[in-house]
Amino acid sequence: QVQLVESGGGLVQPGGSLRLSCAASGSISSSNAMGWYRRTAGQEREYVARVESGGSRNYADSVKGRFTISRDNANNTIFLQMNSLKPAGTAVYYCYAEGTVNKGTWLAKVDYWGQGTQVTVSS
């Protein structure tokens, strides 16, 4: 089974930096797009960043210029370098990977999700 394990969350002051990691295992490879979402209490899940299998990267406008997503293909791990953190960045950050599930006669597209890691930006 696919497993995604996030790490690196914690408490940081506004303007500070934090680096999140997500290690993927179980059939996830560099051919799978991966990325990050976040959810603040009482809010809907928010897209943060994504890296394509070919290396192309995309960011939400809210984090563009401050966050950097990267990928270590050899170790099947993605990272989210978060700089200039704002209180609005306080959320549970979730790693995801795009994949497929063989249903016998068809392939179902599916997103795999990690358990989330808490990031708190506060003075």
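No hydrogens, no waters, no symmetry mates; every other heavy atom, side chains included, goes into these values. Positions are given from 1 along the sequence. Please read all numbers here as calculations on a predicted model, not as lab measurements.
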Using only atom types and a distance under 3.5 Å, with no angle test, would you say the side chain of Glu6 pairs donor to acceptor with the backbone of Gln115? yes
Please identify each residue that fulfils side-chain contact (heavy atoms from CB on, under 4.5 Å) with Ser56, with sequence neighbours left out. Glu52
With sequence neighbours left out, what residues match Asn102 under side chain to side chain donor-acceptor pair (under 3.5 Å)? none
Please identify each residue that fulfils side-chain contact (heavy atoms from CB on, under 4.5 Å) with Ala108, with sequence neighbours left out. Lys103, Trp106
Applying salt bridge (Lys or Arg N to Asp or Glu O under 4.0 Å), can you list everything that pairs with Lys64, at least two apart in sequence or on another chain? Asp61
Just to verify, what does Ser62 make a side chain to side chain donor-acceptor pair (under 3.5 Å) with, not counting sequence neighbours? Glu46
Distance check, rounded to the nearest 0.5 Å: Ile78 atom CD1 versus Ser70 atom OG? 8.5 Å
Ring pair (Phe, Tyr, Trp, His ring centres under 6.0 Å): which pairs involve residues 7-53, sequence neighbours left out? Tyr37-Tyr47, Tyr37-Tyr96, Tyr37-Trp113
For Leu4 versus Ala24, what's the shortest heavy-atom pair and its separation? CD2-CB, 3.3 Å
side-chain contact (heavy atoms from CB on, under 4.5 Å) involving Thr120 - partner list, sequence neighbours excluded: Leu11, Thr90, Gln118, Ser122
Residues at least two apart in sequence or cross-chain that pass side-chain contact (heavy atoms from CB on, under 4.5 Å) with Thr40, listed by chain then number, are Gln43, Ala91
Compile the donor-acceptor pairs under 3.5 Å between side chains in residues 79-86 and protein atoms, sequence neighbours left out, one pair per line.
| residue | atom | partner | partner atom | Å |
| --- | --- | --- | --- | --- |
| Gln81 | NE2 | Asn83 | OD1 | 2.9 |
| Asn83 | OD1 | Ser17 | OG | 2.8 |

Qualifying salt bridge (Lys or Arg N to Asp or Glu O under 4.0 Å) pairs with a residue from residues 10-31, counting only residues at least two apart or across chains: none
Over all heavy atoms of both residues, which pair between Asn73 and Ser30 is shortest? Give the atoms and the distance, please. OD1-CB, 3.5 Å
Please report the closest heavy-atom contact between Cys22 and Met34, naming both atoms and the distance. SG-CE, 4.1 Å
What's the spacing between Leu20 CG and Ile69 CD1 if we round to 0.5 Å? 10.0 Å
Give a yes or no on whether Val63 and Tyr94 share a hydrophobic cluster (residues Ile, Leu, Val, Met, Phe, Trp, Tyr; joining criterion: side-chain heavy atoms under 4.5 Å apart). no
Pairs meeting criterion ring pair (Phe, Tyr, Trp, His ring centres under 6.0 Å) with involvement of residues 11-33, two or more places apart: none
Decide whether Val12 and Val92 are clustered together by the hydrophobic rule: side chain heavy atoms of Ile, Leu, Val, Met, Phe, Trp, Tyr closer than 4.5 Å, transitively. no
By salt bridge (Lys or Arg N to Asp or Glu O under 4.0 Å) - contacts of Glu98 (at least two apart): Arg50
